There are 2 protein chains.
Amino acid sequence: MEKRATIKDVAEAAGVGVATVSRVLSGGSASAATRERVLAVAAQLDYRPSALGRNLRQRRTGGMGLLVPDLTDTFYGQLSEGVLACARSAGEPVVIGSTGGDPEQEADLIGMLLEQSVDRLIAVPSGDADTWSPVLRAGMTVVFADRLPLQSSPEDVRAAAVADLMALDGLSAAAPARPLDVPAVVADDRAGIRTAVRYLRGLGHKRIAFLGGPGQDSRVNAFREAVGAPVDEELVVFGTGSRDSAYAAASGLFQSRPDLSAVVAGGNVLGEAAVLAARELDLRVPRDVSLVMYDDVPWAELCSPPLTVIAQPGRDMGYRAAELVLRAGGRRPRSVVLPTELIIRGSCGPHR
Amino acid sequence: MEKRATIKDVAEAAGVGVATVSRVLSGGSASAATRERVLAVAAQLDYRPSALGRNLRQRRTGGMGLLVPDLTDTFYGQLSEGVLACARSAGEPVVIGSTGGDPEQEADLIGMLLEQSVDRLIAVPSGDADTWSPVLRAGMTVVFADRLPLQSSPEDVRAAAVADLMALDGLSAAAPARPLDVPAVVADDRAGIRTAVRYLRGLGHKRIAFLGGPGQDSRVNAFREAVGAPVDEELVVFGTGSRDSAYAAASGLFQSRPDLSAVVAGGNVLGEAAVLAARELDLRVPRDVSLVMYDDVPWAELCSPPLTVIAQPGRDMGYRAAELVLRAGGRRPRSVVLPTELIIRGSCGPHR
DNA sequence: TTGAAAGCGCTAACAT
DNA sequence: ATGTTAGCGCTTTCAA
């Protein structure tokens, strides 16, 4: 295990200065002869520039961070694959962290990324706007994916505004109307949910329930909007993110409201819970209850009957987010809203 | 966005030398008074040591690399969660890469890790022993998870042995009988498959097929061993790793050998394909065909009937692998074989 | 076009 | 117990 060649080795072997080697390797100006010689020597020595030196010099790590709630959730697996595909084609490293949907773990992981000087981050956020403002102020370029941080409470927003004012050194900036102004790549939850609710309505369903998870505000809101006032709040229930709590929520819902005839699950883990709970309670899908699940995952087709889903492009979402965070050349990239698609399979039937 | 405090800032503010700060922060010796003062100043300045400086000085990045074939495969999601859990509790960063099961992409990613000076790696290998020897020789501490690299062809092995001999500088080492001597954390495939085959045999099945994927050598071998000679080779088929090819393999198998009565799928993606293909061909599970799938994934329970599986502890596997790679204090850690469990649900029935 | 030299933030060897 | 100092490998002024 001989140690790696350094830029100095290459410089000496090529009879030039280290600066010249650096220039040649990063596409700077150099005479054709020099360039050729340096390249040859570098190849011959199997020289690989060390990211360590470069990073320290530039005071930043290349690549990007990626924070997701849970890699056993297939949707986040898809999203991550998208991010990794983009990063790979750019030759950039990705430092990943799984937050478990817990703001504290998320904060810890952010701290770790800061320590590593990773200054670009793609995150499916779990903490609220307050936990994220400091990150932005620390100079991180972040792109949210799948969802946005919860809005902070009014007093928190006020506090943040004051902090912002105090932070204004010489830099003039437009006063932020909202505390968080970060690009994001998300699915068109509003349209997706609306389409699903309309579809169920069209089948004659009146009592439609929503089974949500943490961070699914936009889907819940979309649901409330789609069913229209008055919303039967008992039909809107939440799990905390774990499979167990999702199951408990689903089971509780079915038992407390046997009059419901359809449910919209806000994500694939919730859909899974709904199928399980329904079976446990001897409710047949779709005879006794119709089911639409957010997320198209491979196993949706394996269910009996196959699940009707609101598909969102997880992989694209990740890929686009990675593109945004890489391209962010100082300028704030625009947010992206990706379309959803209602894929009708067999889990919804007419209301009876 | 004021820039971060450095160790020098802390030293000056505390009226001590930088070395003292470094010592205090890394638990070296210092008087109680000094320690206290330094800590106070550091906290007050919100000082976070930069990994950049430390890494360069130590010529190595902390943390570890993680290479898996595909994050949309739930099993690798579980494995990754295990790795991340261990890394998080150690405060170490994880650089992840998805290889798509392709040796070339794997090689690229290894190159990226080398460039980052990541010298600890957990990998579900796709390349064979030849592609891995250079990595080991480069000084990486690697722990394989889930499977081992394919053995190289005989001439390659011989070449590697020669290379090893030539690499023997002053270091004396026992002559390696095998070209690759790397710790690994794997499931007890042999027992898992044997149990499944016996179970199917017990139900009266004679023509049992195996549906495998890349890198599942040990499972195939275990299958061959379990069914005993003569092995009907037509009943042993392979996909290339993608969902499509798995489906094609499963479908082809069912069509070419309608006489088979049971199939063992070597992984959850293959199991998925088998369920899909069977349904497409109007084969009922378990009436027409019994199915056992390697991997216990949440959706296995959602199928109708719920799938009988050979469960392997994916999360533990990742966690243990991470422990090994972190603890590797120069000494080669021992390999670990994790138990599997046959979980009987409803996808197997008596032969008819 | 090229080279010399100054660090980036940190740790470790050495000196006190 | 503590301070001084020499780099780790690289990029980037600044001169030549």
Side-chain angles (χ1 to χ4, degrees), chain A residues 2-39 41-42 45-63 93 112-119 138-139, chain B residues 2-39 41-42 45-63 91 93 113-119 138-139:
Chain A
E2 69 283 14
K3 69 175 198 286
R4 266 167 54 180
T6 72
I7 196 174
K8 206 175 153 198
D9 299 327
V10 177
E12 281 172 7
V16 298
V18 292
T20 302
V21 177
S22 176
R23 273 187 222 105
V24 168
L25 264 42
S26 46
S29 64
S31 74
T34 312
R35 152 165 287 112
E36 205 170 334
R37 189 148 35 93
V38 169
L39 255 23
V41 171
L45 257 46
D46 191 31
Y47 169 67
R48 323 236 333 145
S50 159
L52 259 33
R54 183 184 335 140
N55 291 346
L56 177 56
R57 172 66 220 234
Q58 303 183 156
R59 288 126 138 240
R60 51 182 296 274
T61 300
M112 183 270 285
L113 292 173
L114 249 21
E115 187 165 326
Q116 304 292 325
S117 298
V118 171
D119 62 353
Chain B
E2 69 283 17
K3 67 177 197 286
R4 265 168 55 180
T6 73
I7 197 173
K8 207 174 153 199
D9 298 328
V10 177
E12 281 172 7
V16 299
V18 290
T20 302
V21 177
S22 177
R23 272 188 219 105
V24 168
L25 265 42
S26 47
S29 63
S31 75
T34 315
R35 152 165 287 112
E36 205 169 334
R37 191 148 33 94
V38 169
L39 255 22
V41 171
L45 258 44
D46 190 32
Y47 169 67
R48 320 238 337 146
S50 159
L52 258 32
R54 186 185 333 138
N55 291 346
L56 177 56
R57 173 63 222 237
Q58 303 182 156
R59 286 119 143 255
R60 52 181 295 275
T61 301
L113 291 173
L114 249 22
E115 186 166 326
Q116 302 293 324
S117 298
V118 172
D119 62 354

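Every chain is numbered from 1 and lettered A, B, ... according to where its sequence line falls, protein lines coming before strand lines. Just so it is clear, the structure is predicted and the values come from calculations on it, not from any experiment.
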[N] phosphate, OP1 or OP2: any side-chain N/O from [X] under 4.0 angstrom?
X: A:Ser22; N: D:dT11; value: yes
X: A:Arg59; N: C:dG9; value: yes
X: B:Thr20; N: D:dG3; value: yes
X: A:Thr34; N: C:dT1; value: no
X: B:Thr6; N: C:dC8; value: no
X: B:Ser29; N: D:dA1; value: yes

Would you indicate what [X] reaches in the nucleic acid, counting non-hydrogen atoms under 4.0 angstrom: base, sugar-phosphate, or nothing?
X: A:Leu52; answer: nothing
X: A:Gly17; answer: sugar-phosphate
X: B:Ala19; answer: base

Go through [options] for me and flag the one nearest to the [X] side chain.
X: B:Val16; options: C:dT11, D:dG3, D:dT12; result: D:dG3
X: A:Val18; options: D:dC10, C:dA5, C:dG3; result: C:dA5
X: A:Arg23; options: C:dG3, C:dA12, D:dC10; result: C:dG3
X: B:Arg57; options: C:dC10, C:dT11, C:dT2; result: C:dT11

- request: Determine the sole option in B:Asp9, B:Ile7, B:Val38 for which the side chain to side chain contact (heavy atoms under 4.5 Å, CB included) test with B:Tyr47 is passed.
  value: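 Of the listed residues B:Asp9, B:Ile7, B:Val38, the side chain to side chain contact (heavy atoms under 4.5 Å, CB included) partner of B:Tyr47 is B:Ile7.
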
- prompt: If we only count heavy atoms from C-beta on, is the B:Thr6 to B:Val18 side-chain gap below 4.5 Å?
  reply: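 Of all side-chain heavy-atom pairs linking B:Val18 with B:Thr6, none is under 4.5 Å.
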
Terminal helix-axis angle for the helix from C:dT1-D:dA16 to C:dT16-D:dA1, with five pairs defining each axis and rounding to 10 degrees: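 The helix from C:dT1-D:dA16 to C:dT16-D:dA1 shows an end-to-end axis angle of 40°.
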
